[in-house]
J.: 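So that we are looking at the same thing, I have put the structure below in structure tokens.
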Number of protein chains: 2
Amino acid sequence: MAGRTTAEPATRRRGNTRAEIQHAALSRFTDQGYDKTSLREIAEDLGITKAAVYYHFHSKDEILESLMGEAITRLDELVSWVHQQPPTREVRLELITRLSAAANDGLGDLMRCVQVNETALASMPDHVNLAHRYKHELWDAATPPDASVADRLRFRLAVMAVLLASKGMAELGGTAQERAAAALEVATELMP
Amino acid sequence: MAGRTTAEPATRRRGNTRAEIQHAALSRFTDQGYDKTSLREIAEDLGITKAAVYYHFHSKDEILESLMGEAITRLDELVSWVHQQPPTREVRLELITRLSAAANDGLGDLMRCVQVNETALASMPDHVNLAHRYKHELWDAATPPDASVADRLRFRLAVMAVLLASKGMAELGGTAQERAAAALEVATELMP
DNA sequence: GTCTATACGTGGATAGAC
DNA sequence: GTCTATCCACGTATAGAC
């Protein structure tokens with residue numbers, strides 16, 4: 001499934017092999033899952049060999065880590081911004097807007113990969129474990145300490161909606177843009 | 001992680017080995033993921049050998065299938081009920097109530113396993129592919145064909161909340177009961 | 001920077017004894 | 001119904017040539 005573009009025709013010029021590996025890996029990890037993706041497949045997508053992949057990354061884990069590192073960088077920006085704001089509804093709504101923008105940029109693809117590979121990520125070192133980071137930093141950052149369980153749930157669903165609607169919820173129908181807009185709308189009314 | 005009870009002390013009496021395998025497998029699959037769980041581990045949890053497991057199941061897949069079959073049975077009851085109801089808000093709310101009850105029974109554990117093993121399930125035959133079944137049957141069953149994308153999203157989030165709040169969202173804090181109650185509350189206000 | 005060749009471990013699965 | 005022993009395929013990773 002998910003027809004790869006058989007050995008990347010014109011795109012292959014020396015110098016960006018590393019980035020191409022990341023790109024192919026993200027695609028495979030998301031479609032088939034991290035565990036079911038072999039380095040041989042990734043190599044074949046680019047028309048190179050396993051050994052060539054090992055020149056750019058020391059291990060399979062390192063590829064996933066590099067991907068997560070990108071997502072973490074972007075989420076950390078948002079977390080540190082939110083940390084120096086008061087925990088008001090306005091701030092939470094602004095956070096949602098920024099999350100939505102990031103999701104429609106490149107973060108949405110990364111978050112979909114995270115969602116789909118929850119278990120693979122769980123058995124990785126903490127500093128690359130997105131699940132841990134964004135659950136306990138992003139969630140908590142914007143939620144007042146005395147918030148009710150229901151309010152925490154509302155916030156969590158709102159974040160989930162904007163992060164996943166455009167890329168991870170194609171079953172809803174409509175275009176990615178329509179889903180993103182709908183997510184913003186629903187997140188706003190949901191936000192405590 | 002997730003300390004298994006080292007070789008099941010008194011619980012082991014002949015005749016329910018199959019059920020014990022299912023139980024151990026569900027626990028492992030949920031904690032570590034399907035791919036990272038070996039038959040050796042499952043066997044060791046029960047103090048038997050790999051070969052003994054193969055007496056009860058023809059393959060590793062079959063264990064997962066048997067687990068999913070259970071979930072499917074329970075979801076199918078709800079789907080067929082909903083199919084012979086009009087697509088009104090009252091019906092959707094009643095569906096949520098029933099889903100919540102099922103989730104707090106045993107369905108919640110199964111759905112958590114589904115959530116965590118999305119990719120493993122994706123590469124399995126359709127008739128056991130929960131993701132496919134409940135997404136396209138359960139979602140669509142209760143949603144009028146002309147519903148907006150936003151309304152579909154609201155319904156999806158509501159279902160997700162009640163199915164996962166008690167078992168799959170421990171980070172929210174509170175007891176499983178509190179989370180289940182909160183999920184019902186949020187799902188109700190979310191429901192279109 | 002990319003290749004071929006290969007070592008090594010692991011896990012699913014089967015055969016056949018008890 | 002459970003065991004021991006074994007087979008085989010595959011995937012990660014490394015060594016060393018080009």
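No experiment lies behind these values; they were computed from the predicted model shown. In what follows, chains are A, B, ... by sequence order, proteins preceding strands, each numbered from 1.
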J.: With sequence neighbours left out, which residue pairs that include part of residues 63-80 of chain A fulfil the side chain to side chain donor-acceptor pair (under 3.5 Å) condition?
T.: Q22(A)-S66(A), R74(A)-D105(A), D76(A)-R133(A)
J.: Could you pull out the protein-nucleic contacts involving nucleotides 12-16 of chain D (nitrogen or oxygen on both sides, under 3.5 Å)?
T.:
unit_1	atom_1	unit_2	atom_2	d
dT12(D)	OP1	K60(A)	NZ	3.1
dT12(D)	OP2	L39(A)	N	3.0
dT12(D)	O4	K50(A)	NZ	3.2
dA13(D)	OP2	Y54(A)	OH	2.9
dA13(D)	OP2	K60(A)	N	3.1
dA13(D)	O5'	Y54(A)	OH	3.4
dA13(D)	N6	K50(A)	NZ	3.1

J.: Nearest whole Å is fine: how far is dT2(C) P from I48(A) CD1?
T.: 6 Å
J.: What is the distance, to the nearest angstrom, from the CD atom on E41(B) to the C1' atom on dG12(C)?
T.: 13 Å
J.: Answer yes or no: is there a side-chain heavy-atom contact under 4.5 Å between V128(A) and L64(A)?
T.: no
J.: Nearest 0.5 Å, what's the SG-CE distance between C113(B) and M111(B)?
T.: 10.0 Å
J.: Return the value, rounded to whole Å, for the distance between atom CZ of F57(A) and atom P of dG1(C).
T.: 13 Å
J.: Is the closest basic N to carboxylate O distance between K36(A) and E41(A) below 4.0 Å?
T.: no
J.: Which residue pairs pass the side chain to side chain donor-acceptor pair (under 3.5 Å) test when at least one of the two sits in residues 81-91 of chain B, sequence neighbours left out?
T.: none
J.: I63(A) CD1 to dG11(D) P: how many Å, rounded?
T.: 14 Å
J.: Has T17(A) got a side-chain N or O lying under 4.0 Å from the OP1 or OP2 atom of dG1(C)?
T.: no
J.: Can R154(B) and D151(B) be counted as an ion pair, charged N to O under 4.0 angstrom?
T.: yes
